[in-house]
Amino acid sequence: MKKLFFIFYSLSFLIACSYDSEEELYGITLCDTELMSFTGDVWPIIQENCVSCHGGETPFAGLALEQYSQIRTSADDASDAGLINRIERYEGEPGFMPKDLSRLEQCSIDKIKAWVEQGALEN
């Protein structure tokens with residue numbers, strides 16, 4: 001009887017054990033910003049969220065973000081008009097970007113900031 005109880009207890013303990021990721025447990029998404037690439041990480045974010053207004057013949061506020069050099073110049077600008085300053089603002093704050101849209105996901109902001117901190121390379 002003791003052996004049967006021990007086997008039952010052991011099996012129930014093993015069955016109850018499972019692996020859950022932090023995302024499943026806490027509802028958070030992990031954001032890898034260790035090695036940022038312009039082409040693979042930053043450009044898709046800019047293209048999806050910025051180019052529709054900051055592109056073409058008459059870019060909004062005269063700021064074109066269609067080429068690496070334009071994005072790099074804006075990202076290096078530490079003033080209120082710079083890319084990082086604008087995307088870090090919250091909805092309703094003056095100068096919030098992207099205008100008329102919701103704020104970028106925090107991971108996207110973190111990726112752009114990490115890319116700048118890593119030298120804003122054209123890679």
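All values below come from the heavy atoms of this structure, side chains included, with hydrogens, waters and symmetry mates left out.
For Gln106, the CD atom sits in a packed shell: over 12 heavy atoms of surrounding residues, nucleotides or ligands are nearer than 6.0 Å.
Between the CD atom in Gln67 and the CD1 atom in Ile46 there is a gap of 13.5 Å [rounded to 0.5 Å]. How far CE of Met97 is from SG of Cys53: 8.0 Å, rounded to the nearest 0.5 Å. Rounded to the nearest 0.5 Å, atoms CD (Gln118) and CG (Asp41) are 9.0 Å apart.
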- Task: For Arg89 and Asp80, run side-chain contact (heavy atoms from CB on, under 4.5 Å): C-alpha distance rounded to whole Å, both residues' side-chain angles, the deciding distance at 0.1 Å, then the answer.
- Result: CA-CA 10 Å; Arg89 295 179 189 183; Asp80 286 346; 3.5 Å; yes

- Task: Go through the steps to decide whether Ile45 and Lys111 satisfy the test side-chain contact (heavy atoms from CB on, under 4.5 Å), and finish with yes or no.
- Result: CA-CA 9 Å; Ile45 296 167; Lys111 285 181 177 187; 4.2 Å; yes

- Message: If you apply the rule side-chain contact (heavy atoms from CB on, under 4.5 Å), what do you find for Leu63 with Gln70, and how did you get there?
- Response: CA-CA 8 Å; Leu63 175 61; Gln70 297 165 329; 6.0 Å; no

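Applying the side-chain hydrogen bond (donor to acceptor under 3.5 Å, both in side chains) test to every pair with at least one member in residues 45-66, sequence neighbours left out, gives these pairs: Trp43-Gln47. Every pair passing ring-ring contact (aromatic ring centres under 6.0 Å, His included) that includes a residue from residues 99-123 is listed here, sequence neighbours excluded: Phe38-Trp115. A ring-ring contact (aromatic ring centres under 6.0 Å, His included) check over residues 83-106, counting only residues at least two apart or in different chains, returns nothing.
Gly56 and Pro59 make their closest contact through O-CD, 3.7 Å (heavy atoms, listed as atom of the first residue, atom of the second, distance). Closest approach of Ile112 and Ile84 over heavy atoms only: CG2-CD1, 3.6 Å. Among all heavy-atom pairs drawn from Ser74 and Ala81, the shortest one is OG-O, 4.4 Å.
When the side-chain hydrogen bond (donor to acceptor under 3.5 Å, both in side chains) test is applied to Asp77, the partners found at least two apart in sequence or on another chain are Ser79. Residues that satisfy the salt bridge (charged side-chain N to carboxylate O under 4.0 Å, His left out) test with Asp76, not counting sequence neighbours, are Arg72. Under the rule for a salt bridge (charged side-chain N to carboxylate O under 4.0 Å, His left out), the partners of Lys113 that lie at least two apart in sequence or sit in another chain are Glu88.
Taking 4.5 Å as the limit, some side-chain heavy atom of Ile109 sits within range of a side-chain heavy atom of Arg103.
Leu83 and Phe60 fall into different hydrophobic clusters, where Ile, Leu, Val, Met, Phe, Trp and Tyr side chains are chained together by heavy-atom contacts under 4.5 Å.
Within the 3.5 Å criterion, the main-chain N or O of Ala114 finds no donor-acceptor partner in the side chain of Thr33. Without hydrogens or angle criteria, Ser37 side chain to Asn123 main chain gives a donor-acceptor distance under 3.5 Å.
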